[in-house]
Structure formats: C-alpha cells, structure tokens
Amino acid sequence: MITCGPSCSESWLIRWSRVFLIPLLTSSLVAVSESFPISRENLYVRDPYVWVDRESQTYYLYAAREYPDGKGGMRVGVGVHTSKDLESWSSGYPVFTVIEGAWAEADVWAPEMHQINDKYYLFVTLTSDDLLGPPRDGRKQPKRGTQIMVADSPIGPFVPFVDRPHTNLGWMTLDGTPWQEDGQWWLVYCHEWAQIVDGTMDLIRLKDDLSATVGRNTVLFKASDAPWVVSLAEFSQGKHAHGFITDGPWMHFTQSGRLAMIWSSFTTTGYAVGLAYSESGSIRGPWVQDPQPLLNANGGHGMIFRDLDGALRLALHYPNTHQTARGYYLRIDDTGDSLKLVEPFLPTARSD
C-alpha cells in the first residue's frame, strides 16, 4: 500500500490515486523483466540519474518524459528505463505523471530516486505556467521548485506529500538532492540565476520523513565564486541574458574523507562539471572551488554512482542541447583528496 506521511493531504492522495496510481499498479510490476531494445546512443535523456539495484543486478535510469493523458493530449512526468550493462536499455514507462490541476504542469526536470530505509523517494523539479512577476531581460520567470514524491517501490508509482514544492513557492529553484549528516536530512538545491542573476547553491533542513522543509535556507556558494564560470551572456557572446548558472549538485566523500560536490555551469566553451570542497567536512561548508572544471566538454548535470563491478562512474548528459542529449557513464578515479576522469571524454553523440 502506498502511504504519504503525516503531512499528506488525504483528498489530494485520493484524487491522485484515482487518476494515476490505480492504472499503474499492474504494469509497474513487470518492469524489471522487460527486454533491452534501446541502445544508449539512441536513448534521449537530460539530467540522467542512475540507481543501482545490486540484488537484481539492474541499473535504473530515471528521466523526464511525456505520456498520453487519455484525452488526446500529453502530460509531463518521469519514466524509468532498466539495463544490465549501461548500454542496452528497456523501453520506458511512467513512474510519476503530473495530473491536471497540480500546482505545476508545464515541465519536469532532473528526477532523482533515492532509497531511504524502506521507502523510495523521487526528487523532481517542476515548472508552472504561473509567473512570479513580469519578465526580466525578456525572460519569463515561472514558478519552479523541487518536490519530493514517495513510493513503496523503485518503480513507483510515486505520489506527492502535498500539492506544492518543498522549496520556496516564491522562488525559481531546481535540482534538489538529499544529504544526510549526523542523522539529519537536508535538501541541497539551486536558486536560479533567472531570478537572482548570480545563481546560488542553497541548503535547507528536511523533516525526518522528508514530507516538508524546516526553517530557513542557507546559501552555500554563488556560481561566480568558481574561477572557471562565465556568465551566460559571455558564453553566448551577448545572445542571452546576463547571469551565472548553478545546476546539478551532487555530493561525494573521497577516500580520504574529504566532502566534495560536483555541480554544473558554463565556461567560455560550453556546459561543464566543476568541483567544490567543504573545508569543514560538513555540508554547511564553507565551500571552496577547484579552479579548473572536472569536465569541460559541453556536457554536464552529473551524478556519481558505483557500477555493478564496483567502479566509480560519473553520469552526465551530452551535448547540452535538447533532443540530441544522451547519457554517458564515465569511469572516474577517486585519488583520495579529489576526483579525475580515468580517460579523456570522447563523446559520440551529435552536437547539432
């Protein structure tokens, strides 16, 4: 049975179950028995997130997708593909779909799935058609935020705690990811450049059941703190609005116990993955930036996982364009105090 925690709205859960949950209960049970007809090169994905199930020796790839709404239209959501080798993938099917009337129906970005105790949590960036205010520099500012869903299985279906984001509804935020420290759960996320010009990496405490946030946010660092970052206007030679981007945080303890964070922004040549380190060893920092990016090849929004052979890998999308982006799963080396690519990144996806 799907449960949603003490702060769940019962009427919202009943409505969600009627529209989305009940039709998926049967289909989701057969997901891991599918064949794997899609090659990695032919599987579109941005912001790839890989969860490794060592018991079944299976990789789960969570990605933003669209699905029929039963009325001749499409609805945004999250799908999952499975694989045994990171190269051949199953056909995707929905584990979460935004229903009509939800606070945000326009777009879905950056899904992550985390197993915490005996529950499974989906962290999703959602975008609304509602605007926070008038456009700035010709760019709209829609309501956008990270929302956490919960399920009893990694293949869902995932349901919301309540119909609102976990992050501030009056902010443009994205790419939330969880972190546990001293028994306390935290949400690390990005406050978007489109609203504040110099994007930030922020931190806020989560309730024990992850149903909501507690207290006020803390700014960990600004995008412009990294010497390798340039403004979007400089990268595009004036074709886009001025602003410094923070994207895709992911934390990793090195072998020496050093707390590192990978995150993405722009260099003069394109999208990149950078490294920051906590001087205190705590998520609260202070954080210092590596002067050079880990990867500078117009690919990014990375996360780190260990594959079924125990090797450390960096998942990212390349190129940083819509429709042609593909997932790459690069071997990386933990040197003790830092991270580096095992071999040069030589992508094969089209860049047009």
Side-chain angles (χ1 to χ4, degrees), residues 2 20-70 74-98 107-115 119-125 149-159 248 250 299 301-319 322-331 347-350:
I2 299 293
F20 174 64
L21 174 59
I22 293 173
L24 283 181
L25 283 174
T26 301
S27 62
S28 65
L29 294 177
V30 299
V32 295
S33 63
E34 290 185 273
S35 60
F36 310 104
I38 306 175
S39 69
R40 182 192 56 76
E41 292 89 348
N42 291 324
L43 183 60
Y44 166 75
V45 60
R46 287 181 60 85
D47 310 340
Y49 178 88
V50 176
W51 181 71
V52 184
D53 182 13
R54 301 192 184 280
E55 183 175 351
S56 66
Q57 295 285 284
T58 303
Y59 299 103
Y60 290 72
L61 173 65
Y62 294 84
R65 292 289 183 259
E66 290 187 341
Y67 296 101
D69 62 2
M74 303 293 288
R75 300 209 63 80
V76 294
V78 176
V80 67
H81 301 264
T82 55
S83 175
K84 297 294 185 179
D85 60 5
L86 297 173
E87 289 296 328
S88 299
W89 294 90
S90 71
S91 300
Y93 65 94
V95 297
F96 163 76
T97 302
V98 174
D107 215 343
V108 169
W109 295 347
E112 296 185 6
M113 200 292 297
H114 297 265
Q115 181 181 7
K119 294 288 183 181
Y120 299 84
Y121 297 87
L122 188 69
F123 292 66
V124 188
T125 297
M149 319 293 172
V150 63
D152 291 328
S153 163
I155 53 177
F158 290 88
V159 298
W250 183 267
H301 195 109
M303 58 83 61
I304 295 170
F305 67 98
R306 287 200 178 274
D307 66 20
L308 291 171
D309 295 322
L312 204 62
R313 289 186 182 260
L314 170 67
L316 56 87
H317 70 250
Y318 169 88
H322 291 282
Q323 306 310 319
T324 59
R326 299 293 186 264
Y328 284 79
Y329 313 104
L330 313 180
R331 291 280 300 275
T348 57
R350 300 198 323 266

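Residues: numbered from 1 along the sequence shown.
- Taking OH of Y329 as the reference point, atom CD1 of I304 lies at 15.0 Å (rounded to 0.5 Å).
- Contacts of R46 classified as salt bridge (Lys or Arg N to Asp or Glu O under 4.0 Å), with partners at least two apart in sequence or in another chain: none.
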**Item:** Worked check of side chain to side chain contact (heavy atoms under 4.5 Å, CB included) between V150 and V159
**Value:** CA-CA 5 Å; V150 63; V159 298; 4.1 Å; yes
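- The shortest side-chain heavy-atom distance between Y62 and L122 falls under the 4.5 Å cut-off.
- In this structure, CE in M303 is found 12.0 Å from CG in D47, a value given to the nearest 0.5 Å.
- Between the R331 side chain and the L314 main chain, no donor and acceptor come within less than 3.5 Å of each other.
- Legend: residues meeting side-chain contact (heavy atoms from CB on, under 4.5 Å) with A63, ordered by chain and number and at least two apart, are V45, R65.
- Considering OH of Y60 and OH of Y49, their distance stands at 13.0 Å, rounded to 0.5 Å.
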>> side chain to side chain contact (heavy atoms under 4.5 Å, CB included) for Y318 and L316? Distances and angles first, verdict last.
In response: CA-CA 7 Å; Y318 169 88; L316 56 87; 4.2 Å; yes
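- To the nearest 0.5 angstrom, H81 atom NE2 is 4.5 Å from L43 atom CG.
- With sequence neighbours left out, the ring-ring contact (aromatic ring centres under 6.0 Å, His included) criterion links H317 to Y271.
- Remark: T97 OG1 to R75 CZ distance equals 8.5 Å, nearest 0.5 Å.
- With R326 contributing its side chain and R40 its backbone, the two residues share no donor-acceptor pair below 3.5 Å.
- In terms of heavy atoms, G156 sits closest to A151 at CA-CB, 3.9 Å.
- Note that OH of Y44 and OG1 of T324 are 8.5 Å apart. Values are rounded to the nearest 0.5 Å.
- Using a distance-only test at 3.5 Å, with no hydrogens or angles considered, a donor-acceptor pair links the side chain of D307 to the main chain of D309.
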Under the side chain to side chain contact (heavy atoms under 4.5 Å, CB included) criterion, do K84 and F36 qualify, and how do the steps go?
CA-CA 9 Å; K84 297 294 185 179; F36 310 104; 3.9 Å; yes
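- Using a 4.5 Å heavy-atom threshold, the side chains of L86 and R313 count as touching.
- A donor-acceptor contact shorter than 3.5 Å links the side chain of S153 to the backbone of I155.
- Every residue two or more places apart in sequence or in another chain that forms a ring-ring contact (aromatic ring centres under 6.0 Å, His included) with F123 is listed here: H114.
- Listed by chain and number, the residues in a side chain to side chain donor-acceptor pair (under 3.5 Å) with W109 are D107 (sequence neighbours excluded).
- Listed for the Y67 side chain is no donor-acceptor partner under 3.5 Å among the backbone atoms of F96.
- In this structure the side chain of W51 never reaches within 4.5 angstrom of the side chain of F305, judged on heavy atoms.
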Could you walk me through whether K119 and D152 pass the side chain to side chain contact (heavy atoms under 4.5 Å, CB included) check? CA-CA 5 Å; K119 294 288 183 181; D152 291 328; 2.5 Å; yes
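- P111 and A64 get closest at one heavy-atom pair: CG-N, 3.8 Å.
- Listed here is the closest heavy atom pair of L308 and D53: CD2-O, 4.4 Å.
- For Q115, the side chain to side chain donor-acceptor pair (under 3.5 Å) criterion is met by Y120, not counting sequence neighbours.
- With 3.5 Å as the limit, one finds a donor-acceptor pair spanning the side chains of T82 and S90.
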